Structure formats: structure tokens, C-alpha cells
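Values below: every heavy atom of this structure, side chains too, minus hydrogens, waters and symmetry copies. Here the structure is a predicted model, which means the values were calculated and not measured. Reminder, nothing fancy here: chain letters follow the sequence lines and each chain counts from 1.
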Number of protein chains: 2
Amino acid sequence: MAEAPVKPPAVRGPVTIQDVARRAGVSTATVSRALAMPDRVTDATREAVFAAIRETGYTPNAAARNLRAKTTKMVLVLLPGIGNSFFTPILNALEEVFSEAGYGVLIGYTRQDRSRETHYARVIRAGQVDGVLLVTGHLPRDEEFTHFPYTVPVSLLLSEMPGYSGFSVFDVENRAAARTMTDYLIGLGHRRIAHIAGPTLNPEANERMAGYREALAAAGIPFDPGLLWTGATNFDFASGEAAARRFLDSTERPTAVFAAADEIAFGFLRAIRSAGVVAPRDVSVAGFDDTEYAFHYDPALTTMHQPRAEIGRRSAEDMLRRMRAGGDPEPTVRVRLPCALVIRESARRLD
Amino acid sequence: MAEAPVKPPAVRGPVTIQDVARRAGVSTATVSRALAMPDRVTDATREAVFAAIRETGYTPNAAARNLRAKTTKMVLVLLPGIGNSFFTPILNALEEVFSEAGYGVLIGYTRQDRSRETHYARVIRAGQVDGVLLVTGHLPRDEEFTHFPYTVPVSLLLSEMPGYSGFSVFDVENRAAARTMTDYLIGLGHRRIAHIAGPTLNPEANERMAGYREALAAAGIPFDPGLLWTGATNFDFASGEAAARRFLDSTERPTAVFAAADEIAFGFLRAIRSAGVVAPRDVSVAGFDDTEYAFHYDPALTTMHQPRAEIGRRSAEDMLRRMRAGGDPEPTVRVRLPCALVIRESARRLD
DNA sequence: CTGAAAGCGCTAACAT
DNA sequence: ATGTTAGCGCTTTCAG
């Protein structure tokens with residue numbers, strides 16, 4: 001039998017507040033204080049503590065701090081997990097503001113999958129985050145999500161959730177924007193204007209559709225159901241391609257097409273081009289979003305600018321405010337930002 | 001003076017393991033066991049515990065568990081914070097594998113900014129994550145990063161870091177891929193082939209440049225420095241636009257242009273088109289990456305496919321393996337994946 | 001201004 | 001099979 005193992009003198013494990021205290025010749029409480037409220041310790045003490053920290057390379061353990069403080073300095077951002085380049089500017093802005101404020105950003109992709117939603121519901125319930133930003137376009141259906149009282153502030157980005165309250169909501173004026181775009185197309189002389197709608201169940205898509213119809217009505221153009229192309233399952237290329245087939249099969253083609261998203265417009269443009277139809281020569285096309293490629297595509301896309309970065313920034317600031325309030329339910333906000341018409345090359349005046 | 005405050009009976013705070021234990025009529029240890037090793041408690045006990053858990057809506061507190069287990073079930077993914085749609089498939093794959101394994105994904109954008117790197121170095125040192133994936137293209141320069149012994153496994157994605165060891169590395173065969181692309185262009189009859197290089201300091205960009213030159217040499221085409229367009233500060237549109245100016249100003253224009261990234265190619269294509277030069281009619285253009293838009297652009301881009309999702313998936317699996325090993329330094333791996341030539345419309349045979 | 005001590009919620013020895 | 005106990009590393013009263 002080997003003799004009982006001798007505990008190694010310096011385990012060289014992570015250095016704790018104890019190590020620092022010992023080295024600085026003070027108590028752990030003093031180290032903690034020197035860190036949290038530097039002006040409540042003597043200059044000399046502070047010096048000694050900081051020196052010890054420097055020498056040992058001490059970094060406070062997050063788990064211990066979280067356990068004590070009941071706060072994690074982390075937020076969870078839930079994304080749909082598809083078509084993510086659209087969400088990139090939002091995520092970027094969120095990360096910027098949060099990390100600036102010392103918060104970590106945990107991301108989760110729900111992919112509309114129940115088990116994944118349950119997974120993230122658990123993360124929230126486990127107190128792993130201090131706040132949640134939902135950019136999924138829908139509230140997770142998991143019971144743990146909806147039935148359980150929210151212990152942390154929650155915000156909805158880019159979509160509202162009628163019937164639920166207690167969330168801050170940040171979205172854009174979808175209807176007004178779609179109206180503006182359609183008005184613009186009408187102003188260009190178009191009368192036969194088709195609309196490629198977004199996913200049927202998506203509230204934003206429906207708002208845009210409403211704006212389109214509103215503009216038509218205001219201009220005295222009778223609504224033609226054959227010109228409302230629904231059936232999209234997503235704001236993606238494929239939906240634009242499907243619409244292109246309808247366009248090409250039309251006996252009397254529209255002179256302008258307004259897509260509910262840039263990607264839909266790109267899918268449409270590419271598909272019609274294969275058939276020798278080019279925009280804006282043969283048909284005017286407009287998008288919605290003003291993604292990175294709208295400017296760089298050929299033709300450059302006329303579209304509605306959605307202030308994605310601003311939504312990220314403002315929602316992050318609101319979240320910080322609410323999280324800092326501690327347990328008190330701070331008032332939520334409802335921010336609805338306007339979009340801006342961006343005129344480029346894909347739509348032209350009808351001769 | 002008011003009398004000593006009476007502790008409210010049910011604070012209705014988060015339910016702890018104590019609450020569950022009390023309700024189930026067992027000790028906290030038993031609750032813990034029923035959760036961790038269900039087969040080591042009686043059926044009856046297990047039932048009682050689970051019932052109590054259900055009734056109370058108990059979820060174990062993450063901080064307490066982390067503190068005890070010295071593990072957080074979280075990984076940090078560090079991204080550059082620019083041109084993020086390129087990284088989207090990687091992030092997607094990472095999140096998929098990690099969340100499947102019960103790990104959370106914390107993201108951080110370094111933006112090549114020192115203070116942000118320090119910030120994230122601290123997150124790592126604080127034991128906030130069990131592993132780190134660097135997709136930044138460079139090792140953070142922060143001393144805390146480089147000098148301090150890594151306490152958790154680290155992996156490098158899409159770029160290697162010569163001189164450092166102890167990391168798993170996942171990247172692609174940049175040189176061979178660039179060589180293949182250039183060979184392809186040569187095979188199409190091109191002799192005057194320009195290369196729009198990526199950022200000078202970027203190792204991947206340099207590998208691609210080397211592959212380009214290698215192909216030229218192998219084909220007996222003398223290297224023309226005037227056809228190597230450097231100066232890019234990023235793999236972005238702007239770099240392509242700058243190259244377009246050089247192209248348009250050339251007295252003798254190349255017949256083919258190989259860009260070090262798809263976005264560079266798009267920027268180039270768009271800029272030359274403004275001058276009435278269209279690909280592939282007037283000049284053949286090839287990219288590198290095979291991003292989402294390569295297929296949807298006009299013209300569809302001939303490019304090299306980088307297996308981004310696979311890099312994400314495999315690096316995540318490797319990271320899981322290494323994290324599960326506990327403190328023992330598991331062997332790191334070096335995975336270098338091949339790229340695939342994707343022939344589309346932007347490059348054509350020279351008449 | 002500083003130290004002692006309690007305890008956040010959980011798990012893992014060690015007993016029984 | 002279950003309970004008791006001792007912390008994990010930190011912050012925060014409460015004394016001094």
C-alpha cells in the first residue's frame with residue numbers, strides 16, 4: 001500500500017480571494033471591499049490588495065459571485081436560427097451595448113423546435129440569465145415559458161405578441177412602411193402591382209400586406225387577389241422563386257412586384273432572369289429590410305430600410321435599465337420605429 | 001421602534017432544493033441524488049421527489065451548481081464582429097451541437113479591439129466558460145490571453161496560429177483551394193489572371209495568394225506584380241470596389257479576376273458594372289467562400305466552397321470531447337478540410 | 001477602517 | 001437507501 005498521498009503545497013489551481021487576502025495580509029472581506037468600493041478602505045490597504053491581485057493574477061470567480069449576488073450579468077438572446085444574416089446587425093448591436101455594460105450575451109436558436117424552447121426555458125428558470133430578448137418572431141410555446149411567471153425582464157424584438165403584457169416591445173411600423181412603398185410604386189405609374197407576402201402566420205408579414213392593400217385602396221386601384229402571392233413559409237429566396245413561377249405563368253403580368261423581404265426579392269429577381277426577364281426593364285421590383293446586399297445586388301434593390309441596429313441598441317438599453325432595477329417591475333416600453341424608403345435601381349417609372 | 005420584522009412564511013422566491021426536500025419528506029441530498037442518479041434511490045422516493053419537483057416547479061440553480069461542480073456548461077465563441085454573415089453558418093452549427101449537449105453558447109465580438117479582448121479574457125479567467133472557440137482570425141493580443149496558462153480548452157477556427165500549441169485547429173486548405181481555382185481559370189484559357197488579395201496580415205489570405213502564384217508558376221505563366229492587387233483591409237465589398245478601380249484604370253486589363261473572398265468579388269462585380277463592364281462577358285470573375293449569395297447573385301458566382309458548417313460541427317464535437325475530459329489535457333487535433341470548386345456563371349472560357 | 005462569521009444553493013463524502 | 005455535514009468562493013451584515 002502506498003502511503004496516504006500528501007496534499008501538494010500549492011495546487012496551482014485558480015487563485016481565490018483567500019490567496020489574495022493572505023498575500024495582502026488582510027481579510028477576504030477587505031479584498032472584496034477594495035474591489036467593490038475602493039474608497040472605503042485606506043489607501044495603503046487598497047494598494048496592498050491591488051498589488052496582491054496583480055501578483056497572483058486573481059480574477060473573481062463568477063459562479064460564487066452569482067450565487068451570492070443572485071445575478072449573472074448575462075442575457076439570453078433567442079433567435080429563430082434561420083436566415084440569420086438578417087439578424088446579424090441586431091446581434092451586433094446587442095453584443096456591443098451589453099458587453100460595454102459588463103453583460104455577457106448568450107445566444108440560442110429555437111428553430112421553431114419545441115425541445116429547444118424547453119431547453120432555453122430551463123436556462124432562464126435556472127437563473128442563468130438576468131434578462132431575455134426574443135427575436136424569434138413568436139413567443140416560445142413551451143408551457144414553461146408561458147405559464148411560469150417571468151422572474152426576469154423579457155423583451156420582444158421585431159414583433160409584438162398581442163395578448164401578452166409585461167414585455168418591452170421594439171418593432172417597426174410595418175404597415176406604414178409597406179404603404180409608403182406601394183404609394184411610391186403607384187407614383188411611378190404602376191397600377192398592376194403584385195405583392196409577395198411573407199409567411200401567412202407572421203404578424204409582420206400581415207401588417208405589410210395590409211399596408212399594400214391600404215395604398216391600393218387609397219389610390220382607387222381595385223384589389224386583385226390574383227396579384228397577392230401568398231404561400232411563403234419564410235422570408236427567404238425560395239419564396240421569391242415560387243413567386244417568380246407565378247409571375248412567369250401570368251397571362252397578364254404585373255408591372256411591379258413588391259416583396260415582403262429583400263431575400264424574397266432576390267430569389268424572385270434571380271428566377272425571372274433565368275427566363276430572360278430583367279428588372280427594372282421588364283418589371284419593377286421592390287424589397288423590404290434593406291439588408292447588406294440590397295445595395296450590392298444587381299440591380300441595386302429599391303427597398304424599405306428597417307433600423308435593425310437601432311432596434312438592437314435601444315432594446316439593449318431598455319433591458320439594462322430594467323435589469324438594474326432589481327426585482328421591482330420597472331415599466332416596460334413600446335417602441336415602434338419608422339422605416340425609410342431607399343430608392344435604388346430595381347424599380348422604375350412606367351413609360 | 002418597530003418590532004423585529006417577522007420573516008414572511010413563503011417568500012415566493014425561487015424554489016430551492018430545500019423546498020423540494022421538505023415537500024417530499026426527504027433530505028436535500030436525496031433530491032440531488034434522485035436527479036443525478038435516479039437508479040440509486042427507491043422507486044417510491046424517486047416518485048415522491050419528482051412529484052415535489054413538479055408541484056413546486058423547481059429548477060436547480062445554475063450558479064450554485066457551477067460553484068460546486070466547477071463547471072459552467074458554457075462555451076465562449078469569439079468572433080471578429082464584422083462581416084458576420086460569413087460566420088453565421090459556423091455559429092449555427094456550433095449552437096446546434098453545443099445546445100444539444102446541454103451547453104450554452106456565449107458570443108463575443110472582439111472587433112479587433114483590445115479592451116474588448118481584455119473583457120473576454122476576464123470572462124474566461126472568471127471561470128465563466130468551460131471552453132473557448134476563437135473564430136477571430138487572430139489570437140487576441142491581450143496579455144491576459146497569451147501569457148496566462150489556459151485553464152480551459154481553446155480551439156482556433158478557420159485560421160491557425162503558428163507558434164502556439166495546445167489548441168485544436170480547424171481550417172481549410174486555403175492554398176490548395178486557391179491553386180485549384182487558378183488552375184481552373186487557366187484551363188479556361190486565361191493567361192492574364194489578376195488576384196484580389198485579402199488583408200495583408202491575414203494568414204489565410206496569404207495562403208490563397210500563394211496558391212494563386214503556385215498555379216501560375218506551374219502553368220509557366222510569369223508572375224506579373226501588376227496583377228496582384230493587395231491593400232484590402234478586410235474581406236469585404238469595399239476591397240472589391242478598390243480593386244475595380246485598378247481594373248478599370250489598367251491599360252491592359254486581365255481577362256480573369258480571382259478574388260480572395262465572395263464579398264470582395266461582389267464589390268468588384270458591382271463596381272465594374274457601373275462602368276459598363278459585365279461579367280462574364282467582358283471579364284471572368286471568381287470568388288472564395290461560397291456564401292449564401294454566391295448562388296443567388298447575378299451572375300451566379302464561380303467560387304470555392306468552404307465547409308463552414310462542418311468546421312463548426314467538428315470543432316464543437318472536439319471541444320465537447322476535450323471539456324468532458326475534465327482537467328486532463330486531452331490531445332488536441334489539427335483538422336484541415338478541403339474546399340470544393342463550384343462552377344457557376346461568373347467565369348467563362350476565353351474565346 | 002477592518003475582521004469574523006454567516007450563508008447563497010448545491011453536491012459529495014461520510015455515516016448510519 | 002438515506003441523512004448529516006462540510007464546503008465550493010464570494011459578499012455582507014455585524015462587531016470592534
Whole-Å distance separating the [atom1] atom of [X] from the [atom2] atom of [N]:
{"X": "N66(B)", "N": "dC10(D)", "atom1": "CG", "atom2": "P", "value": "14 Å"}
{"X": "R40(B)", "N": "dG3(D)", "atom1": "CZ", "atom2": "P", "value": "14 Å"}
{"X": "R33(A)", "N": "dA15(D)", "atom1": "CZ", "atom2": "C1'", "value": "12 Å"}
{"X": "R68(B)", "N": "dC8(D)", "atom1": "CZ", "atom2": "P", "value": "8 Å"}
{"X": "R65(B)", "N": "dG9(D)", "atom1": "CZ", "atom2": "C1'", "value": "18 Å"}
{"X": "I17(A)", "N": "dT12(D)", "atom1": "CD1", "atom2": "C1'", "value": "12 Å"}

Mind checking the OG1-CD spacing from T59(B) to Q128(A)? Nearest 0.5 Å is all I need.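 Separation between the atoms: 11.0 Å.
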Lys/Arg N to Asp/Glu carboxylate O, [X] vs [Y], below 4.0 Å:
{"X": "R322(B)", "Y": "D318(B)", "result": "yes"}
{"X": "E95(A)", "Y": "R111(B)", "result": "yes"}
{"X": "R334(B)", "Y": "D171(B)", "result": "yes"}

Assign each of V26(B) and A69(B) to its nearest nucleotide of DNA chain D by heavy atoms, then name whichever residue's nucleotide is nearer the 5' end.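 The residue closer to the strand's 5' end, by nearest nucleotide, is V26(B).
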Name the first nucleotide and the last nucleotide along DNA chain C (5' to 3') that come under 4.0 Å of a heavy atom in chain A.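 From 5' to 3', the first and last contacting nucleotides are dC1(C) to dG9(C).
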Between A63(B) and G25(A), which residue's closest nucleotide on DNA chain C lies nearer the 5′ terminus?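 This one resolves to G25(A).
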Please tell me which of T42(A) and L35(B) maps to the more 5' nucleotide of DNA chain C, matching each residue to the nucleotide holding its nearest heavy atom.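 Per heavy-atom nearest nucleotide, the more 5' residue is T42(A).
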According to side chain to side chain contact (heavy atoms under 4.5 Å, CB included), who are the partners of Q18(B), at least two apart in sequence or on a separate chain?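 Expected list: T16(B), R22(B), T28(B).
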Can you name the residues that form a side chain to side chain contact (heavy atoms under 4.5 Å, CB included) with S27(A), not counting sequence neighbours?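 Here the qualifying residues are A29(A), T30(A).
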Measure from NZ or CZ of R116(B) to the centre of the six-membered ring of Y109(B) and say whether it is under 6.0 Å with the direction within 45° of the ring axis.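 Output no; distance or angle outside limits.
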Does S27(B) put a side-chain nitrogen or oxygen below 4.0 Å from OP1 or OP2 of dT4(D)?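 Indeed not, no polar side-chain atom of S27(B) lies that close.
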Per T45(B) side chain, nearest of listed nucleotides dT12(D), dG9(D), dT2(D):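 Comparing dT12(D), dG9(D), dT2(D) against the side chain of T45(B), the answer is dT2(D).
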